[in-house]
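Single-structure report; data block below.
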Amino acid sequence: MTAPLVAGGEELTGEVRGVVFADTSTGFGVVEVETSGDGARCAGPLASLVEGEVVRLVGRWTAHERYGPTFEAVYYEQVTPTTVAGLRAFLTTERFDGLADEVRERVLAVFGASTGRVIEREPGRLSSEAALTEEDVALLRDGWAASRALADLVALVEPAGWPMDVVRAVHAALGADAPETAREDPYALLEVPRLRFGHADALARRLGIDATDPRRLAAGARAAVVAARRADGHQHLPRAAAVDATAQLLRLDRLLAVEGLDAAIADGVLAAEELSPGDEPIVAPPAALAAERDLAEALRQRVASGSSRLAGFADEVGVGGAGTAGQLAAVREAFASPVSLLVGGPGTGKTHAVARIVAAAVERGLDVALAAPTGRAAKRLEEVVSRPATTIHRLLQAHPTGDGFRFRYGPDTPLPHDLVVVDEVSMCDTVLAGHIVTAVDEGSHLVLVGDPDQLPSVGPGDVLRDLTRAGVVPVTRLTEVHRQAAESRIVEVAREILEGRLGPLSGADGDVFLAEEAVSSRIVPRVVEAVARRAPERLGVGVDEIQVLAPMYRGPAGVDALNTALRAELNPPAGRPQVGGFRVGDRVMQTRNDPEQDLANGDVGVVVDVELRAGRLRVGFPRGEVTVSSTRDLAPAWAVTVHKSQGGEWPVVVLVVDRSHRPMLWRNLVYTAVTRAQQALIIVGQHGALVAAAAHDRPSRRHTGLVARLTGTVVADPAGGDVVVGDAPTPR
């Protein structure tokens, strides 16, 4: 027997007699394995196992507090059944659906316990000696290969340290071909979601692939550009920056990095383009450049369009009535231009202007749709306007695919609305903005609303800020703060932060409270005290109306430490059951868009029920209760990062600002955090750290080309290399 690949690992070999639980999304499973007449409960990456399979598990024995002795498997290998009874059980599993009982029994009668070896090594004998048809032979071979593929892949990549979710993603994408593909060229797997360059590179090193192998150089260039876009939100990289990033990732000199970058461009996995003649070329995945070109072209065409169903109302709306001059101008522009922007900070009346726009449209019998990037933002928009609102993904009827979403509504099937209003556009990356712009019907109007001073989108691009800078789409900027809002110290602090001149704060300053704490390790206990007792007692709010924000996950005052302490205080275990580490009463956040459940990345809810046997949770979100079968897309949300808080507002916000957060302390981040508070803002940490953040006007480091594309800057045609000149339409 081969030695375990896990240091100190134990082994267990037997036949799967029952599947207790299987979560195909995470790969986790619990099975009963029969070994020498005894039954063993086994748990681990076993979700693909079925009754009748014989496996060798590697792991260790543990004592489960509820179920007793359990073998915790790290990985498993397929073992060919050695008895006719075992083979018969295995050949009746779902992997061999379509194989007639008579065919199965004939094969077992002819080959007996050698059936597995014949299928795997001598398949020709299935036809010559057992008279099987070509179709039956193919069914047997495919089912047999599929049953071994995952185990073979695990055995191959486990020494390279691949996590099981990556292994399963590769297996799901390539099936029975996964082990062979991984062995021949690990870098060919980089198209698989979840797999990172480090995974492929670690396997390549173990397989003896040289560090200067052309495949590695090209794959490294692509991975470096993709990683830079993901980390910093770039739409593209200047060529020199792409070379630097490639050299750093590969740990090779720039000449080899240039070779890899050129190879990636030649292979088509990266594309190069000049935004202006003589400028340094830009580099990005082809789809990224295409998404930005498509967004710019759609906006240019919409602004220049003479077709409009609402233009006839432009002269009669936005005249008289309550509201500032800016709000009235926003209403007029919404009807006068096929696409318009409405921007402004807190207290300037954006939501009031949106309500007036919608009311004017409804009065004229127009069909209006309201949307926002997250369910939380959509719910708030719905409450303000008193009309239904939804997420952008839900509005466009998005359906998940292997590497993204497929949208029902788009250029070929436009939305059936006269007016579409999208709030919190600062959260929209280039791709999502492109989907909403191209889905609006010709003649319909699109109003984009947001605050460009907030953090940009998590995904690549800086759409709202680029649109306000380009001057192509009509912009109404609200600057006048309403009297009631002007009396709020929260609004005043937000404006001071934007101006980089945050003044002193006392312990209690209107609706802003400062809990000065110089020692980082003491911040978490003070936050727990504020949330659990002081804020509810002093402000008359419930704990569910308080949200804790911090700039970073890690560190003594990071989100992770805050979540652990807050959960222990506010929702102690008390022996209650858990699924996926969550129990009833836990505050959780959705971390992935799921339009079929009407959930968006960043939506916060509370676990209301736990179904142990089914391995499911029932979570109450702002838009209703949802059954969650996999907890992979949930995270604790007693505290969340400022980035994750975008699009949401809470009655009370506790903002943690500590010196340990210095890498993330810049102006638009703390501005975004402060503007999440509706009634009260509690700052825990150092006032000096907040002052330093306000003074740090972090320059925009996002490389985007949207402004150049919108304003008609000369752009090189990536298809033919010819120069195309476009004249931007004159802004209204």
Any donor-acceptor pair under 3.5 Å from R576 side chain to V584 backbone: yes

Under-4.0 Å salt bridge between R567 and D586: yes

E105/R88 ion pair, N-O < 4.0 Å: yes

Salt-bridge contact E11-R56 (side-chain N to carboxylate O under 4.0 Å): yes

Exceeds 12 heavy-atom contacts within 6.0 angstrom, atom CZ of R592: yes

Under 3.5 Å donor-acceptor, D210 side chain and T212 backbone: yes

Residue from L140, L126, L108 passing side chain to side chain contact (heavy atoms under 4.5 Å, CB included) with T115: L108

salt_bridge(E72, R41) N-O dist < 4.0 Å: no

Stepwise side-chain contact (heavy atoms from CB on, under 4.5 Å) test for R106 and F111: CA-CA 9 Å; R106 190 193 320 158; F111 302 111; over 6 Å; no

F405 ring center near H393 ring center (under 6.0 Å): yes

Residue pair W638 / N571, side-chain heavy-atom distance below 4.5 Å: yes

Check: A637 main-chain N/O paired with Q547 side-chain donor or acceptor under 3.5 Å: yes

Between R616 and T627: side-chain donor-acceptor atoms closer than 3.5 Å: no

W61 and E10, any side-chain heavy atoms less than 4.5 Å apart: yes

Any side-chain heavy-atom pair of E32 and V16 under 4.5 Å: no

Heavy atoms of other groups near E102 CD, more than 12 under 6.0 Å: yes

Sidechain-backbone polar pair: R618 side chain, V608 backbone, donor-acceptor under 3.5 Å: no

Residue R125 excluded, over 12 heavy atoms near CZ under 6.0 Å: yes

Student check: side-chain heavy atoms of T631 and L617 closer than 4.5 Å: yes

T62 vs F71 side-chain heavy atoms within contact, under 4.5 Å: no

For a quick test of your reading: what N or O donor-acceptor pairs under 3.5 Å do the side chains of residues 175-189 make, sequence neighbours left out?
residue, atom, partner, partner atom, Å
T181, OG1, D177, O, 2.9
D185, OD1, Y187, N, 3.1
Y187, OH, D201, OD1, 2.5

Single hit among L566, V528, N563, V559 for side chain to side chain contact (heavy atoms under 4.5 Å, CB included) with V548: L566

Test: R117 and E122 ion pair at under 4.0 Å: yes

Minimum side-chain heavy-atom gap V604-R376 below 4.5 Å: yes

Partner residues of R394 under the side-chain contact (heavy atoms from CB on, under 4.5 Å) criterion, sequence neighbours left out: T390, T391, D598

R17 with E15: basic N within carboxylate O range, under 4.0 Å: yes

Any donor-acceptor N/O pair, T591 side chain to M589 backbone, under 3.5 Å: no

Flag side-chain contact, heavy atom, 4.5 Å: L57 against T13: no

Side-chain touch R583/V607, heavy atoms, less than 4.5 angstrom: no

